[in-house]
Amino acid sequence: PTQSHRTLRGGGEPPPEAPKRRLDWRLAAAAAAALALAAAAVPAWRWMHRLEFSVLASHALPLERPTAIAFDGDHLWASGWDGVFGVYDPDSMEPVSDPIAVALKDAYHPAGLSIWAGKVYTLDTAQGRILRHPQETPAKVEASWPSPGPAPVALAHDGRGLWSYDAATKTLYRHLGEGPEAQTEQYKVEADAVVTAMRWHKDELWAWDAKSRQVLTLKARGRTFEVLQAAPLPELPPAGAQSFLLTYRAGADKTQRLELWALTGDAAGQPLLKKFSVRR
């Protein structure tokens, strides 16, 4: 048999070709319109969910060279460069105790401050370490261990454990426990940011980016933190935000309203706390 006989199975005529499918331009137009609407919806969503701050109040902070602030649920705490804590009533900013000096013989300059479950944690840039203090007697140090990076600048607690940020490695470290033997996990920040302060709010990490002078909200995607939102703090002095914290306050309609407190300085360099309402 010839090649054509083998191919056509029995010598019959070749079957007709299947008709070519014609493009339905109505369906294509509808798909294009749907894509256009979806693309337009992205900036609309961001606009509806944008991050905004409004100034509520400003307070002088009666502490020498403050470096960081934190909130324990009742009182506002501030750490000073000389290793002294101040504890204040957040409504009046009046001290509720005498200044508390941490009892250490070697150099101690706390740049990060976090409070959780009756413990006060400080990030000491002088020795590159993390210290844990009892909240009832914060002048004491009950434990200390080296920070994972050579230049730690920010500290936060997520309700389960500590996180720190290192300026030299530009890395976020999740601390899997406490003490010298505790392990860490490394995370990167997607943006080209200079993180100098951070706080957890639910499952988001809020950070101050000293480079863009904005507050960033970050979300972990694997081992990378992506930027969800970014916004500047209005009427912020040139000193920027050295530290910040987040609190809730009951509104007139009995809803909980998020507020942000930023540690900064006035034009004369005097310590200042500025309080902002948060709109998302």
Side-chain angles (χ1 to χ4, degrees), residues 53-102 108-124 130-140 153-159 162-164 196-202 204-208 215 233-237 239-251 256-266 269-278:
F53 300 98
S54 300
V55 178
L56 293 176
S58 294
H59 302 275
L61 183 60
L63 186 68
E64 288 289 330
R65 301 178 69 186
T67 56
I69 55 176
F71 189 64
D72 66 5
D74 295 308
H75 302 116
L76 187 146
W77 291 57
S79 60
W81 182 253
D82 55 358
V84 174
F85 294 137
V87 186
Y88 309 94
D89 181 331
D91 292 322
S92 64
M93 286 309 298
E94 292 294 325
V96 298
S97 72
D98 293 332
I100 303 165
V102 177
Y108 169 59
H109 300 312
L113 177 64
S114 187
I115 302 173
W116 186 260
K119 304 296 181 182
V120 177
Y121 299 90
T122 56
L123 187 63
D124 176 23
I130 298 171
L131 283 68
R132 188 178 70 224
H133 318 251
Q135 187 174 338
E136 293 184 353
T137 54
K140 298 180 180 179
V153 293
L155 187 71
H157 202 291
D158 67 0
L162 289 168
W163 292 70
S164 63
T196 55
M198 59 189 189
R199 280 288 180 267
W200 279 95
H201 174 57
K202 298 180 180 178
E204 294 177 357
L205 182 63
W206 292 44
W208 173 255
V215 174
L233 295 174
E235 302 178 30
L236 195 68
Q242 293 175 253
S243 180
F244 69 91
L245 59 85
L246 297 161
T247 60
Y248 279 104
R249 179 176 294 275
Q256 294 293 312
R257 298 183 179 178
L258 187 62
E259 296 178 341
L260 183 145
W261 298 66
L263 172 62
T264 182
D266 62 17
Q270 297 301 310
L272 188 69
L273 278 175
K274 294 184 76 70
K275 185 168 65 172
F276 303 86
S277 63
V278 181

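All residue numbers refer to positions in the sequence shown, counting from 1. What you see below is based on every heavy atom in this structure, not just the backbone, and it leaves out hydrogens, waters and symmetry mates.
Glu235 is not listed as a side-chain neighbour of Phe276, based on a closest heavy-atom distance of 4.5 Å or more. With contacts defined as side-chain heavy-atom distances shorter than 4.5 Å, the pair Pro271/Leu63 does not qualify. Val215 is listed as a side-chain neighbour of Trp208, based on a closest heavy-atom distance under 4.5 Å. At a threshold of 4.5 Å between non-hydrogen side-chain atoms, the residues Pro90 and Lys275 do not count as touching. At least one side-chain heavy atom of Leu258 sits less than 4.5 Å from a side-chain heavy atom of Tyr248. With contacts defined as side-chain heavy-atom distances shorter than 4.5 Å, the pair Leu155/Thr122 does not qualify.
In plain terms, the two heavy atoms of Ala60 and Leu272 that are nearest each other are N-CD1, 4.2 Å. Between Asp266 and Gln270 the shortest heavy-atom distance is OD1-N, 2.7 Å. When all heavy atoms are compared, the tightest approach of Val55 to Pro234 is CG2-O, 3.6 Å. When all heavy atoms are compared, the tightest approach of Gly240 to Thr264 is O-OG1, 2.7 Å. Of all non-hydrogen atoms in Pro237 and Gly265, the two that sit nearest each other are CB-O, 2.9 Å. Summarising the geometry of Ala111 relative to Ala68, their closest heavy-atom pair is O-CB, 3.6 Å, with the distance given to 0.1 Å.
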Does the side chain to side chain contact (heavy atoms under 4.5 Å, CB included) test come out yes or no for Trp206 and Phe244, once each step is laid out? CA-CA 9 Å; Trp206 292 44; Phe244 69 91; 3.9 Å; yes
Does Asp91 form a side chain to side chain contact (heavy atoms under 4.5 Å, CB included) with Arg249? I'd like the steps, not just the answer. CA-CA 11 Å; Asp91 292 322; Arg249 179 176 294 275; 3.1 Å; yes
Would Leu263 and Leu273 satisfy side chain to side chain contact (heavy atoms under 4.5 Å, CB included), going step by step from the backbone distance to the final call? CA-CA 5 Å; Leu263 172 62; Leu273 278 175; 4.2 Å; yes
Worked verdict on Ile115 versus Gln135 for side chain to side chain contact (heavy atoms under 4.5 Å, CB included): CA-CA 8 Å; Ile115 302 173; Gln135 187 174 338; 3.6 Å; yes
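With Ser164 contributing its side chain and Ala154 its backbone, the two residues share no donor-acceptor pair below 3.5 Å. In this structure a side-chain-to-backbone donor-acceptor pair under 3.5 Å is missing from Arg199 to Asp158.
A 6.0 Å sphere centred on CD of Glu136 holds no more than 12 heavy atoms belonging to other residues, nucleotides or ligands. By the neighbour-count criterion of 12 heavy atoms within 6.0 Å, atom CD of Glu64 is sparsely surrounded, having that number or fewer from other residues, nucleotides or ligands.
To the nearest 0.5 angstrom, Tyr108 atom OH is 7.0 Å from Ser79 atom OG. The distance from the OG atom of Ser54 to the CG atom of Leu260 is 12.0 Å, given to the nearest 0.5 Å. Phe53 CZ to Leu236 CG: the interatomic distance, rounded to the nearest 0.5 Å, is 10.5 Å. Residue Ile69 holds its CD1 atom at 5.5 Å from CG of Leu76, rounded to the nearest 0.5 Å. For the atom pair CG of Leu113 and CH2 of Trp77, the computed distance is 8.0 Å after rounding to the nearest 0.5 Å. With rounding to the nearest 0.5 Å, the separation of CD in Gln256 from OG1 in Thr247 is 10.0 Å.
Ring geometry for His157 against Trp116 counts as parallel: the plane angle stays under 30°, on a 0 to 90° scale with 60° as the upper cut.
Looking at Thr67 and His109, their side chains never bring a donor and an acceptor atom within 3.5 Å of each other.
Within the 6.0 Å centre-distance limit, the rings of His133 and Phe85 are counted as a close aromatic pair.
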